[in-house]
Amino acid sequence: QQPVQSPQAVILREGEDAVINCSSSKALYSVHWYRQKHGEAPIFLMILLKGGEQKGHDKISAPFNEKKQQSSLYLTASQLSYSGTYFCGTRSGGGADGLTFGKGTHLIIQP
Amino acid sequence: DGGITQSPKYLFRKEGQNVTLSCEQNLNHDAMYWYRQDPGQGLRLIYYSQIVNDFQKGDIAEGYSVSREKKESFPLTVTSAQKNPTAFYLCASSTPGKREQYFGPGTRLTVT
């Protein structure tokens, strides 16, 4: 089942903080965050694994609430380059199955 | 440099023709994936392969076929049975620990 992302879109000024949410009705093993610029491929940002392990960029945090099957992506002191569409992808098992993606959150950072 | 390559970047075909999209990786990844993205939508899984000569259907496999004869290559064929083939097609591969997936640049297919 497809994870639900919120908000659908957000507009911020440079330097402001952003929070993007991802929730699933299924038990999750991992949550993956990507950013996509228009016409380009998604870029890997972070992976969060059941049990607390995570890997990703220093300026981005994304806690994984295993009880609620939710993750929130926190972007602090946003820069113009942060603009794009953010997707969360989820996996219920620990194998190499494909990801199930949400519909995305459009983030626009204005000067 | 290691990476995932997809070719061509843009592809145009007439309705009723089969077309094969290329995906090659030199990252020594075992698992490879094909996703489809429609305008304003998220990515949907078409097929994936965890090992050579083995692959599994994803959520929207109808009208598509794949092969995995080499670890480095995972071509996708869009057949004439696919009713709405126009889309952005993305190939991905997964690290040896089968965790994070990395995407190739994508192929934008237009069928008229």
Side-chain angles (χ1 to χ4, degrees), chain A residues 1-6 8-9 20 22-24 26 28-57 60 62 64 71 84-106, chain B residues 3-7 9-10 23 25 27 29-52 54-61 64 66 68 71 74 76 87-108:
Chain A
Q1 217 164 7
Q2 188 176 37
V4 176
Q5 288 187 235
S6 63
Q8 287 187 322
I20 300 170
C22 175
S23 64
S24 175
K26 294 177 67 175
L28 299 176
Y29 176 80
S30 61
V31 179
H32 308 236
W33 286 99
Y34 291 85
R35 175 170 61 221
Q36 186 179 33
K37 303 276 187 180
H38 183 70
E40 299 178 5
I43 300 298
F44 170 78
L45 296 176
M46 286 202 75
I47 179 173
L48 314 161
L49 298 165
K50 187 177 180 180
E53 185 179 349
Q54 61 180 288
K55 177 181 176 181
H57 291 256
I60 298 172
F64 180 17
S71 176
T85 303
Y86 289 76
F87 291 99
C88 70
T90 60
R91 182 184 275 152
S92 296
D97 295 350
L99 299 177
T100 302
F101 284 90
K103 292 188 175 182
T105 294
H106 301 284
Chain B
I4 304 171
T5 57
Q6 292 185 243
S7 60
K9 188 170 183 178
Y10 298 96
C23 178
Q25 56 96 2
L27 300 168
H29 288 174
D30 290 310
M32 297 185 74
Y33 309 83
W34 275 105
Y35 293 89
R36 168 185 172 137
Q37 188 176 32
D38 293 286
Q41 300 296 316
L43 288 75
R44 292 183 290 168
L45 181 66
I46 304 173
Y47 268 100
Y48 66 102
S49 168
Q50 300 187 34
I51 196 169
V52 174
D54 187 46
F55 47 83
Q56 288 79 40
K57 292 182 179 181
D59 300 318
I60 55 165
Y64 300 97
V66 293
R68 186 86 186 277
K71 186 176 183 178
F74 190 39
L76 173 75
F88 188 39
Y89 289 89
L90 289 154
C91 177
S93 67
S94 182
T95 52
K98 299 180 177 145
R99 294 179 172 179
E100 58 263 38
Q101 292 183 15
Y102 295 94
F103 285 88
T107 292
R108 194 168 297 278

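Just so it is clear: chains get the letters A, B, ... in the order the sequence lines come, proteins before strands, and each one is counted from 1. The structure displayed is predicted, hence computed values, not measured ones.
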Exercise. Select, from B:Q101, B:Q41, B:R108, the one with the greatest count of heavy-atom pairs under 4.5 Å involving chain A.
Key: B:Q101
Exercise. Heavy atoms only: give me the nearest B:L45-A:G98 pair and the separation to one decimal.
Key: CD2-CA, 3.6 Å
Quiz prompt | Interface moiety of A:L99 toward chain B, non-hydrogen atoms closer than 4.5 Å | solution = both
Exercise. Answer with side chain, backbone, both or neither: which region of B:Y35 has an atom nearer than 4.5 Å to a non-hydrogen atom of chain A?
Key: side chain
Quiz item: Which atom names give the shortest non-hydrogen contact between A:F44 and B:E100, and what distance separates them?
Solution: CE1-CB, 3.3 Å
Quiz item: In chain order, what residues pass the salt bridge (Lys or Arg N to Asp or Glu O under 4.0 Å) check against B:D38, with sequence neighbours excluded?
Solution: B:R36, B:R44
Practice problem: With a 4.5 angstrom heavy-atom cut-off, could you sort out which part of A:Q2 is near chain B: side chain, backbone, both or neither? | Solution: neither
Practice problem: Would you confirm whether B:Y33, through its side chain, and A:A96, through its main-chain N or O, come within 3.5 Å as a donor-acceptor pair? | Solution: yes
Quiz item: Which value, rounded to the nearest 0.5 Å, describes the distance between B:S94 atom OG and A:R91 atom CZ?
Solution: 5.5 Å
Quiz item: Side chain, backbone, both or neither: which part of B:Q56 has an atom under 4.5 Å from a heavy atom of chain A?
Solution: neither
Practice problem: Identify the heavy atoms of B:F103 and A:A41 that sit nearest to each other, and give their distance. | Solution: CB-CB, 4.2 Å
Quiz item: Which region of B:L43, side chain (C-beta onward) or backbone (N, CA, C, O), has a non-hydrogen atom less than 4.5 Å from a non-hydrogen atom of chain A, or is it both or neither?
Solution: both
Practice problem: Could you have a look at A:K103, A:M46, A:H106, A:Q5 and say which one has the most heavy-atom pairs with chain B under 4.5 angstrom? | Solution: A:K103
Self-check item: Those residues that, when tested against A:E40, pass side chain to side chain contact (heavy atoms under 4.5 Å, CB included) (two or more places apart)
Solution: A:K37
